[in-house]
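Both counts, for ligands and for their atoms, begin at 1 and track the order of listing. Start at 1 with the first residue, then count along the sequence.
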Amino acid sequence: MKLIIHRGTKEIGGSCVELRSEKTRIIIDLGMPLVNAQNEPFDSKLLEGKSIPELIDSRVLPKVSGLYAGEEKGVDAVLISHPHQDHYGLLRYINPEIPVYMSRGARALIEASDIFIPTKANLRNVITFKMWELFIINDLVITPWLVDHSGFDAAAFLIEGEGKRILYSGDFRGHGRKRILFENMISHPIKGIDYLLLEGSMLGRGENQYQDERAVEDKMVSMFGDKQNIAFVFCSSQNIDRIVSVYRAVKRTRQTLVIDLYTAYILDRLKDISDKLPQYWWPDIRVFYFWGHRKILKDNGLGSFVGKCVSSRIYKEEISRCKRNVVMISKYNPAFMKLIGYLGDLTGALGIYSMWEGYLEQSDFRKPLQRQGIEFETIHTSGHAPERDLERLVKAFNPKCVVPIHTFQPQTYPSLFPNVHILNDGEEFVL
Ligand SMILES: [Zn+2]
């Protein structure tokens with residue numbers, strides 16, 4: 001068996017891993033890069049109007065023979081670990097004959113976001129798997145393991161073939177709403193792992209400001225409990241754990257949660273996978289219609305969904321009247337700025353930044369909002385395991401070899417774990 005990490009040995013994002021047996025070639029994840037060759041933020045506009053050969057030449061697409069549309073199919077399957085763009089974002093370029101395996105939740109979330117984003121995955125030949133149920137691709141046996149991560153319905157993959165057992169960790173943590181999954185993995189580790197491909201996003205980033213999702217929720221409770229004006233929570237509507245944390249904090253403080261149509265639609269698409277996710281028709285949730293979301297939904301034949309939300313619709317006048325009782329999931333954009341222009345006095349209003357702080361380096365939107373009287377605070381916990389949890393996992397699994405992936409710090413692995421083998425992008429490693 002051969003392992004080739006086409007991208008991801010020295011960076012976070014753009015993951016693409018190949019496993020090749022005598023009879024089979026599979027690709028695990030095909031992500032959009034987060035950084036370019038200079039380690040600056042990757043600009044997805046670079047994809048516009050470019051052919052596949054051009055994108056391979058400019059190293060945006062990893063050079064993988066038999067993977068892309070327009071060439072002979074040479075790959076048996078693509079596996080997607082979870083619905084984050086840096087793991088699936090280049091799927092639209094693959095040969096449509098290649099089956100793509102992912103969880104039901106990943107499929108629902110990718111299909112839902114495709115409606116709203118320009119860099120669409122255009123899913124075609126999808127096969128959904130169930131967690132912990134193995135599936136077979138020629139001579140490889142694959143078992144997906146549900147893991148705790150900020151990406152919904154995320155999997156680690158156990159891949160067995162030619163007498164080897166390989167575990168691809170995907171992205172994971174042990175401090176989210178599904179932390180029990182991580183603790184179960186530690187107490188009942190998968191035995192006999194030869195190679196562990198281990199993510200290390202948190203290495204070099206220091207400690208989490210809030211140690212887990214529960215701490216995030218509790219801090220929000222303390223802030224919502226005595227707020228004097230509206231609260232805006234800036235978070236990703238695809239970070240479902242976080243949406244649940246915000247909702248729970250809203251409920252505990254008897255506030256009303258205002259979501260937009262985009263968030264309402266994402267949550268609605270996931271209702272068959274989990275009936276515990278907050279939905280637009282729940283009594284303490286209201287939906288604000290931004291024109292852009294409504295147009296996109298209608299243009300995609302989803303006018304009936306917009307119609308269904310009407311019973312929960314809230315207008316700007318009502319938000320303005322009830323500011324003290326409202327918590328709003330927000331995104332910074334011109335439509336949002338227009339809305340806050342209607343809301344009148346925002347003295348003492350709360351702005352809660354609930355995403356990775358690295359995004360603020362790209363555009364810090366807090367200043368224009370602070371000028372309106374909004375007080376900012378960051379309340380966030382990472383989607384990734386910190387160093388000590390990575391160490392716990394490696395200790396429990398005791399793999400013969402640890403291969404760094406999805407990290408800017410591969411060189412720190414040998415000081416943390418035994419039997420580390422650092423690869424370069426594109427290097428062929430015989431297992
Ligand atoms: Zn992720």
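- Without hydrogens or angle criteria, K308 side chain to Y280 main chain gives no donor-acceptor distance under 3.5 Å.
- Of all N/O/S atoms in H84, ND1 sits nearest the Zn ion (ligand 1).
- Considering just the N/O/S atoms of D171, the one nearest the Zn ion (ligand 1) carries the name OD2.
- The Zn ion (ligand 1) has no N, O or S atom of D86 closer than 2.8 Å.
- None of the N, O or S atoms belonging to H384 lies under 2.8 Å away from the Zn ion (ligand 1).
- Ring orientation note: the planes of Y101 and F135 are close to parallel, at an angle under 30° on the 30°/60° scale.
- The Zn ion (ligand 1) has no N, O or S atom of H87 under 2.8 Å away, backbone or side chain.
- Taking the six-membered ring where tryptophan is involved, the planes of H84 and H149 are perpendicular, since the angle between them exceeds 60° and thus also 30°.
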Next on the checklist: Show, in sequence, the C-alpha distance, side-chain angles and deciding distance for R392 and E183, and conclude whether the salt bridge (Lys or Arg N to Asp or Glu O under 4.0 Å) test is met.
Outcome noted: CA-CA 10 Å; R392 286 179 69 206; E183 295 305 332; 2.8 Å; yes
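- N125 contributes a side-chain N or O that, together with a main-chain N or O of E97, makes up a donor-acceptor pair within less than 3.5 Å.
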